[in-house]
Amino acid sequence: MTDTMPLLGGVPVQDQVKTLCSYNTVKAWLPILSWLPRYNLSWLRMDLIAGLTVGLTAIPQVLAYAEVAGLPVQYGLYSAFMGGFIYTILGTSKDITLGPTAIMSLLCSSVVGGRPNQAVLLSLLCGAIQAALALLRLGFLLDFISYPVIKGFTCSAAVTIGFGQVKNILGLKGVPQQFFMQVYYTFYKLPEARIGDVVLGLLCLALLVMLMWMKKKLGPPAEDSPTSRRRRVARKMVVGIATVRNALVVIAASLVAFSWDAYGSHIFTITGKTAKGLPPFKPPPTTDMTQNGTVISFGEIVEGFGGGLAVIPFMGLLESIAIAKAFASQNDYRIDANQELFAIGLTNIMGSFVSAYPVTGSFGRTAVNSQTGVCTPAGGVVTSVIVLLSLAFLMPAFYYIPKACLAAVIICAVAPMVDYQVVAKMWRIRKLDLLPFFVTFLFCLWEMQYGIIGGVAVSGVMLLYNIARPKFKVSDHDVLLIELGSGLSFPATEYLSHVIHTQALQASPPRSVVLDCHHVSTIDYTVVNELRDLLRQFKLRGASMVFSRLQPAVLEILLAADLPGLRHADDVEAALQTAEQFSQPPQHNQQIN
């Protein structure tokens, strides 16, 4: 029976099925199985504290980010709880929290223009793309987005988001979304600023900045100090208050707004009426309707998304994986990038069934999660429960949240993203990298998608130029020695041929050449075909071309190509001697092509 067992790739099918269904394979797809059997009460205590802290941080933030996305504030909460449940099962980072972020909210606003149905459908489509990339193991595509492009995008997004909230600090209405028009109309409408919003917004900003500064500057107490215990207690209190500063500021501002409103003084611009209760679990809408009742079909919606349907999933993955890798390195563990893609994709797919818009990993909330001592991804479940409780019971209270207060929360959240020092670093290290940075930065001020596409295109051109124009080191040893500085691929073929023709074949008399290939690890058919022609040209002119220090893989390719007149040596000296030995005057009766 064993002799007749079917084979697949030389391995019995039954054995392959057992391998695919092994416990380790299941754990790879369900990372919760790697830590849940070891879960204990001390972990539970730390996860509860971290989850509660992140929940109190998340609620005011996601309400503010919904404003950035141009959606009613409850959509921020709708988008903030699904990630905690799904990531606990599928995620490989203990620290990261999924939910609305400033960048994803801005991208969503630029694509859907504040239409809730389309934002929810966008979440479904983004999730499907992200999950497909994970299943096809295509996470490496993110490597083609360079660091200058990422920094240009994040700096531009921070400027766009931050300045976009100035109108709410000033209480202005009728200001367009496009950045340059926004700048113009914000200054144009300055005389219309509401004094109540200005005062409250500036006070909230000052309080948030002060708490952030205190948390950063307050150092740990000395262990041998007689007041160290009191200082430790005071420090913990300040750190605790600073950690939940957003929630405290929003609560205080809402109480102020409610008090003034109760006395009939409507001096603040408030959030207003919000939907009550939990969102219904239902399939995401596939159509939309304009204000005049015209139905927009699924195809028209997708066509309207345009390039955003490619940019948003990629930026969501990039942001989340970058954060996960940073905290994994900091806390000494590893993540599985493709598993992270799958977790984010499934979160966006399932989120669309509860009216969520696209989400990704949040740097600020992840930092809070890590600093609070979270032990497992289960802390995300606690955060999600806090969000669900606020949806169930606190929605009427959100009516009085001042928009100026939410604007202050957003400005303080995105301000650290404006990394002006990176420009000086790029100037010092490699000035050319400033080109994709500024292209991305400036184009993103105009349109986010165009900025990212433009930055990637410029980076791609720079990369292709380096491939097409590899560095050659040419030295004269009676025989010409050309040291190739990198691999050879088809874009570099014409350049290599031009250098050899100019330096050797067109010289009088023609000169022999030694190609030092110890840096060359790969070549392709186009290069091999050009080498065949070069060897023929050298033979016709009575000179020779000898290869030196070929790597085994490259030598194997050249031997398989059966190049006529192929000569190679293990070191440069032997190659130079060989080139001199085989050099001879050209025969006059041969035609040189």
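Keep in mind the model is a prediction, meaning the values are calculated, not measured.
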Novice: Answer yes or no: does atom CD of E303 have more than 12 heavy-atom neighbours from other residues, nucleotides or ligands under 6.0 Å?
Specialist: no
Novice: If the plane angle is over 60° it's perpendicular, under 30° parallel, otherwise tilted; pick one for W446 and F443.
Specialist: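 W446 vs F443 ring planes: perpendicular.
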Novice: Scan side-chain atoms only and decide if D95 and S93 contain a donor-acceptor pair under the 3.5 Å cut-off.
Specialist: no
Novice: Check I301 against D288 and note the closest heavy-atom contact, atom names and distance.
Specialist: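 Scanning both residues, the minimum pair turns out to be CD1-N, 3.8 Å.
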Novice: Quick check: do L124 and V120 have side-chain heavy atoms less than 4.5 Å from each other?
Specialist: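 Contact flag for L124/V120 side chains = no.
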Novice: How far apart are the C-alpha atoms of I296 and N117, what are their side-chain angles, what is the distance that settles it, and do they pass the side chain to side chain contact (heavy atoms under 4.5 Å, CB included) test?
Specialist: CA-CA 11 Å; I296 307 175; N117 282 356; over 6 Å; no
Novice: Pairs in or reaching into residues 334-343: which pass side chain to side chain donor-acceptor pair (under 3.5 Å), with residues at least two apart or in two chains?
Specialist: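 Sorted pair list: Y87-E340, T92-E340.
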Novice: With rounding to the nearest 0.5 angstrom, report the CD1 to CD1 distance, I161 to I410.
Specialist: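 Reported value, rounded in 0.5 Å steps: 8.0 Å.
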Novice: Keeping T154 on the side-chain end and I150 on the backbone end, is there a donor-acceptor pair under 3.5 Å?
Specialist: yes
Novice: Using a 6.0 Å cut-off, check whether atom CH2 of W427 has over 12 heavy atoms from anything other than its own residue.
Specialist: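 Atom CH2 in W427 is not crowded, with 12 or fewer foreign heavy atoms closer than 6.0 Å.
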Novice: Working to the nearest 0.5 Å, report the span between OG of S355 and CG of L278.
Specialist: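 The distance works out to 11.5 Å.
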Novice: Would you say CZ of F179 has more than 12 non-hydrogen atoms from neighbouring residues, nucleotides or ligands within 6.0 angstrom?
Specialist: yes
Novice: Quick one: CZ on F441 to CG on L434, what's the gap to the nearest 0.5 Å?
Specialist: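 Atom-to-atom, F441:CZ and L434:CG are 12.5 Å apart.
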Novice: Look up atom CG in L90 and atom CD1 in I344, then write down how far apart they are to the nearest 0.5 Å.
Specialist: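 That separation rounds to 11.0 Å.
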Novice: OG1 of T383 to CD1 of I59: how many Å apart, nearest 0.5 Å?
Specialist: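 Result: 9.5 Å between the selected atoms.
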Novice: Quick one: does any side-chain atom of S105 pair with a main-chain N or O of A69 as donor and acceptor, under 3.5 Å?
Specialist: no
Novice: Within the side chain of S384, is there an N or O that forms a donor-acceptor pair under 3.5 Å with the backbone of M82?
Specialist: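 Side chain of S384 to backbone of M82: no pair is present.
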Novice: Is there a donor-acceptor contact under 3.5 Å from the side chain of T160 to the main chain of S156?
Specialist: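 Present.
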Novice: For a side chain to side chain contact (heavy atoms under 4.5 Å, CB included) check, start with the C-alpha distance between Y78 and V354, then their side-chain angles and the critical distance, and finish with the verdict.
Specialist: CA-CA 6 Å; Y78 294 165; V354 290; 5.6 Å; no
Novice: Would a distance-only check, ignoring hydrogens and angles, find a side-chain to backbone donor-acceptor pair under 3.5 Å from T57 to T53?
Specialist: yes
Novice: Could you tell me whether the side chain of S352 and the main chain of L121 form a donor-acceptor pair under 3.5 Å?
Specialist: no
Novice: Taking side chain as C-beta onward, heavy atoms only, is V456 less than 4.5 Å from F314?
Specialist: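 Contact flag for V456/F314 side chains = no.
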Novice: Are the side chains of V54 and I386 in touch, meaning some heavy atoms are under 4.5 Å apart?
Specialist: no
Novice: Working note: Y357 + M104, criterion side chain to side chain contact (heavy atoms under 4.5 Å, CB included); need CA distance, chi angles, decisive distance, verdict.
Specialist: CA-CA 9 Å; Y357 68 90; M104 288 300 286; 5.5 Å; no
Novice: For F363, does the CZ atom sit with more than 12 other heavy atoms under 6.0 Å from it, leaving out its own atoms?
Specialist: no
Novice: May I ask you to decide if L41's main-chain N or O and R45's side chain share a donor-acceptor pair within less than 3.5 Å?
Specialist: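 Flag not set: sc R45 to bb L41 has no pair under 3.5 Å.
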Novice: Side chains of P148 and T440: does their closest heavy-atom pair fall under 4.5 Å?
Specialist: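 When only atoms from C-beta onward are counted, T440 and P148 do not touch, as no gap falls below 4.5 Å.
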Novice: Side chains of I96 and F327, heavy atoms from C-beta outward: is any pair under 4.5 Å?
Specialist: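 The answer is no, as the side chains (C-beta and beyond) never meet within the 4.5 Å cut-off.
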Novice: Does the side chain of T101 come within less than 4.5 Å of V359's, by heavy atoms?
Specialist: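 Contact flag for V359/T101 side chains = no.
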Novice: State, yes or no, whether a side-chain contact exists between I89 and L30 at a heavy-atom distance under 4.5 Å.
Specialist: yes
Novice: Which heavy-atom pair separates C444 from F153 by the least distance, and what is that distance?
Specialist: SG-CD1, 3.8 Å
Novice: Nearest 0.5 Å, please: how far is CD in Q130 from OG1 in T360?
Specialist: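 The CD atom of Q130 is 7.5 Å from OG1 of T360, to the nearest 0.5 Å.
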Novice: Taking the side chain from N348 and the backbone from L125, do they hold a donor-acceptor pair closer than 3.5 Å?
Specialist: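 Checked: no pair found.
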Novice: Near Y333 OH, under 6.0 Å, is it more than 12 heavy atoms from other residues, nucleotides or ligands?
Specialist: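 Count over threshold, so yes.
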Novice: Specify the closest pair of heavy atoms between A119 and C108, including all atoms of both residues, with the distance to one decimal.
Specialist: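 Looking at all heavy atoms of both residues, the shortest contact is CB-SG, 4.0 Å.
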Novice: Counting distance only, does the side-chain N/O of D197 pair as donor-acceptor with the main-chain N or O of T269 below 3.5 Å?
Specialist: yes
Novice: Check step by step if side chain to side chain contact (heavy atoms under 4.5 Å, CB included) holds for D47 and V381.
Specialist: CA-CA 9 Å; D47 287 346; V381 173; over 6 Å; no
Novice: Kindly give the heavy-atom pair with the smallest separation between P60 and V250, and that separation in Å.
Specialist: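 Shortest heavy-atom separation between P60 and V250 comes out as CB-CG2, 3.5 Å.
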Novice: Please examine the side chains of V62 and R365, heavy atoms only from C-beta on, and report whether any two atoms are closer than 4.5 Å.
Specialist: yes
Novice: Determine which pairs satisfy side chain to side chain donor-acceptor pair (under 3.5 Å) with at least one residue from residues 390-412, sequence neighbours left out, and list them in order.
Specialist: none
Novice: Please check if atom CZ in F393 has more than 12 non-hydrogen atoms from other residues, nucleotides or ligands closer than 6.0 Å.
Specialist: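 No, the 6.0 Å shell around CZ holds no more than 12 heavy atoms from other groups.
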Novice: Quick check: does any side chain N or O of N246 sit under 3.5 Å from a backbone N or O of Q61, one acting as donor and the other as acceptor?
Specialist: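 Such a contact is absent between N246 side chain and Q61 backbone.
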Novice: Using every non-hydrogen atom in the two residues, find where P37 and S34 come nearest and quote the distance to one decimal.
Specialist: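 Heavy-atom minimum between the residues: CD-C, 4.4 Å.
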Novice: Please find the pair of heavy atoms, one from L211 and one from A242, that lie closest to each other, and give the distance.
Specialist: O-CB, 3.6 Å
Novice: Are more than 12 heavy atoms, taken from residues, nucleotides or ligands other than Y420, located less than 6.0 Å from that residue's OH atom?
Specialist: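 At most 12 heavy atoms, drawn from other residues, nucleotides or ligands, come within 6.0 Å of this atom.
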